[in-house]
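Data first, discussion second: the structure below is written as structure tokens.
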Amino acid sequence: MTLDDFPQGTLPAEPVVPRVDRPSPSVHKVTRAEELRLQLADEIVRGTLAPGAPLDETDIARRFSVSRTPVREALRQLVASGLVEARAHRGAVVAQPSIERLKSMFEAMAELEALCAGLAAERMSAAERHGLEAIHEELRVLSYAGNPERFHEVNERFHNAIYAGSQNGYIAEITLATRVRVQPFRRAQFRNLGRLAKSQAEHDRVVVAIMRGDKQGAAAAMRAHIELVRGEYEIYAVSV
């Protein structure tokens with residue numbers, strides 16, 4: 001069974017989904033601090049900024065031609081994500097989770113997302129299900145375009161919609177907070193050849209199960225998806 005087997009209808013406006021790793025939905029323009037965070041996170045994940053490397057506010061501000069204010073905010077967010085450590089008398093330095101730590105983070109992420117997907121299969125309203133289908137279709141189009149940055153942005157909305165669909169604010173909050181810790185690693189794997197199409201196929205299994213109201217199937221599909229994300233990141237990490 002595919003999404004084509006479900007009744008088609010007019011899709012309502014996408015529901016507002018709470019965020020913790022991006023500006024609120026009412027803010028359309030990404031802040032300079034957010035841009036800096038993503039750029040620095042990419043350099044850390046790729047190894048351009050090595051573990052232990054100092055992150056001097058003045059040097060970064062000069063490099064990106066900005067004031068120290070957005071740099072300070074970007075570093076604060078990176079410390080919260082675990083990619084950067086704030087050390088006494090040394091300032092901010094690049095941190096890097098061990099392989100064991102990263103595996104543990106992804107394992108927790110897989111279980112939390114599986115829980116959200118299972119609950120969403122039971123509890124999502126009709127409007128929320130239509131909204132999820134709309135985002136899923138947008139990702140399908142983007143998977144052909146080959147734009148990993150844009151795919152990543154919409155992919156976040158896809159997962160957020162499922163968190164919100166769980167109808168459990170506390171679980172959604174914990175899941176979002178955990179994703180912040182692994183976000184740069186999840187983002188990096190989209191650069192792997194053919195990854196966008198694979199991710200879309202994995203999402204399709206999640207969405208079909210949710211539309212059926214199949215709690216166990218949705219949880220299993222989401223868990224498998226996150227486990228594959230971890231595997232794709234490991235492939236990416238070896239290649240850089």
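- With rounding to the nearest 0.5 angstrom, the CD atom of Glu234 is 7.5 Å from the CG atom of Leu102.
- Once rounded to the nearest 0.5 Å, the distance linking CG of Leu142 with CD of Gln200 reads 9.0 Å.
- Between the side chains of Gln39 and Glu43, no donor N or O sits under 3.5 Å from an acceptor N or O.
- Between Arg230 and Glu113, no side-chain nitrogen of the basic residue sits less than 4.0 Å from a carboxylate oxygen of the acidic one, so the salt-bridge criterion is not met.
- One finds the CZ atom of Arg101 at 8.0 Å from the OG atom of Ser98 (value rounded to the nearest 0.5 Å).
- For the atom pair CD of Glu149 and CG of Asp42, the computed distance is 6.0 Å after rounding to the nearest 0.5 Å.
- A heavy-atom distance below 4.5 Å is not found between the side chains of Val182 and Tyr233.
- When the shell of 6.0 Å around CZ of Arg123 is examined, it contains more than 12 heavy atoms from other residues, nucleotides or ligands.
- Sorted by first and then second residue, the ring-ring contact (aromatic ring centres under 6.0 Å, His included) pairs involving residues 30-75 (not counting sequence neighbours) form an empty list.
- Remark: Leu193 CG to Ile235 CD1 distance equals 11.0 Å, nearest 0.5 Å.
- Using a 4.5 Å heavy-atom threshold, the side chains of Lys198 and Asn192 count as separate.
- Here the shortest heavy-atom pairing between Leu83 and Pro184 reads CD1-CG, 3.1 Å.
- Other residues sharing the hydrophobic cluster of Ile171, ordered by chain and number and joined by side-chain separations under 4.5 Å: Leu115, Leu119.
- Here the straight-line distance linking atom CD1 of Ile162 with atom CD1 of Ile210 works out to 4.0 Å at 0.5 Å rounding.
- Within the structure, the ring-ring contact (aromatic ring centres under 6.0 Å, His included) test picks out the following pairs touching residues 188-217 (sequence neighbours left out): Phe151-Phe190, Phe158-His203, His159-His203, His203-His225.
- Between Arg195 and Glu202 there is a salt bridge, with a side-chain nitrogen of the basic residue lying less than 4.0 Å from a carboxylate oxygen of the acidic one.
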Side chain to side chain contact (heavy atoms under 4.5 Å, CB included) assessment of Arg32 paired with Thr69
CA-CA 10 Å; Arg32 188 60 178 129; Thr69 299; over 6 Å; no
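- For Arg186 (side chain) and Val229 (main-chain N/O), no donor-acceptor pair under 3.5 Å exists by modelled atom type.
- You'll find the side chain of Asp59 reaches within 4.5 Å of the side chain of Arg62, heavy atoms only.
- Side-chain contact annotation: Glu122 with Gln167, donor-acceptor N/O pair under 3.5 Å absent.
- Proximity of Glu35 to Val66: side-chain heavy atoms (C-beta onward) are nowhere separated by under 4.5 Å.
- Under the 4.5 Å side-chain criterion, counting only non-hydrogen atoms from C-beta, Gln189 is not in contact with His152.
- In the hydrophobic cluster analysis, where Ile, Leu, Val, Met, Phe, Trp and Tyr join through side-chain heavy atoms closer than 4.5 angstrom, Val180 is grouped apart from Leu112.
- Inter-residue side-chain proximity for Arg179 and Asn160 is flagged as met; some heavy-atom pair is nearer than 4.5 Å.
- Glu137 CD: more than 12 foreign heavy atoms inside a 6.0 Å radius.
- Ile174 and Tyr163 fall into different hydrophobic clusters, where Ile, Leu, Val, Met, Phe, Trp and Tyr side chains are chained together by heavy-atom contacts under 4.5 Å.
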For a salt bridge (charged side-chain N to carboxylate O under 4.0 Å, His left out) check, start with the C-alpha distance between Glu100 and Lys103, then their side-chain angles and the critical distance, and finish with the verdict.
CA-CA 5 Å; Glu100 292 73 20; Lys103 285 183 177 179; over 6 Å; no
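- Distance alone, capped at 3.5 Å, places no donor-acceptor pair between the Glu57 side chain and the Ser67 backbone.
- Between Ala114 and Met222 the shortest heavy-atom distance is N-CG, 3.8 Å.
- A 4.5 Å side-chain heavy-atom check between His136 and Val206 finds every atom pair outside the cut-off.
- Smallest separation of non-hydrogen atoms from Arg129 and Ala120: NH2-O, 3.8 Å.
- Proximity of Val208 to Asp214: side-chain heavy atoms (C-beta onward) are nowhere separated by under 4.5 Å.
- No side-chain donor-acceptor contact under 3.5 Å links Ser199 to the backbone of Leu196.
- Criterion: ILVMFWY side-chain heavy atoms under 4.5 Å apart, direct or through other members. Under it, Ile226 and Met105 are part of a common hydrophobic cluster.
- Checking side-chain atoms of Glu34 against main-chain N and O of Thr31 turns up no donor-acceptor pair under 3.5 Å.
- Residues Ala92 and Leu75 come closest through the heavy atom pair CB-CD1, 4.4 Å.
- When hydrophobic clusters are built by joining Ile, Leu, Val, Met, Phe, Trp and Tyr residues whose side-chain heavy atoms come closer than 4.5 Å, directly or via intermediates, Leu228 is not grouped with Val207.
- Within a 6.0 Å radius of CD in Gln216, no more than 12 heavy atoms belonging to other residues, nucleotides or ligands are found.
- Between Arg140 and Asp204, no side-chain nitrogen of the basic residue sits less than 4.0 Å from a carboxylate oxygen of the acidic one, so the salt-bridge criterion is not met.
- Each of Ile60 and Val93 belongs to its own hydrophobic cluster when Ile, Leu, Val, Met, Phe, Trp and Tyr are linked at side-chain heavy-atom distances under 4.5 angstrom.
- What you find for Gly118 and Lys215 is that their closest heavy atoms are O-CG, 3.3 Å.
- Between Arg150 and Glu153 there is a salt bridge, with a side-chain nitrogen of the basic residue lying less than 4.0 Å from a carboxylate oxygen of the acidic one.
- Ala95 approaches Gly82 most closely through the heavy-atom pair CB-O, 3.7 Å.
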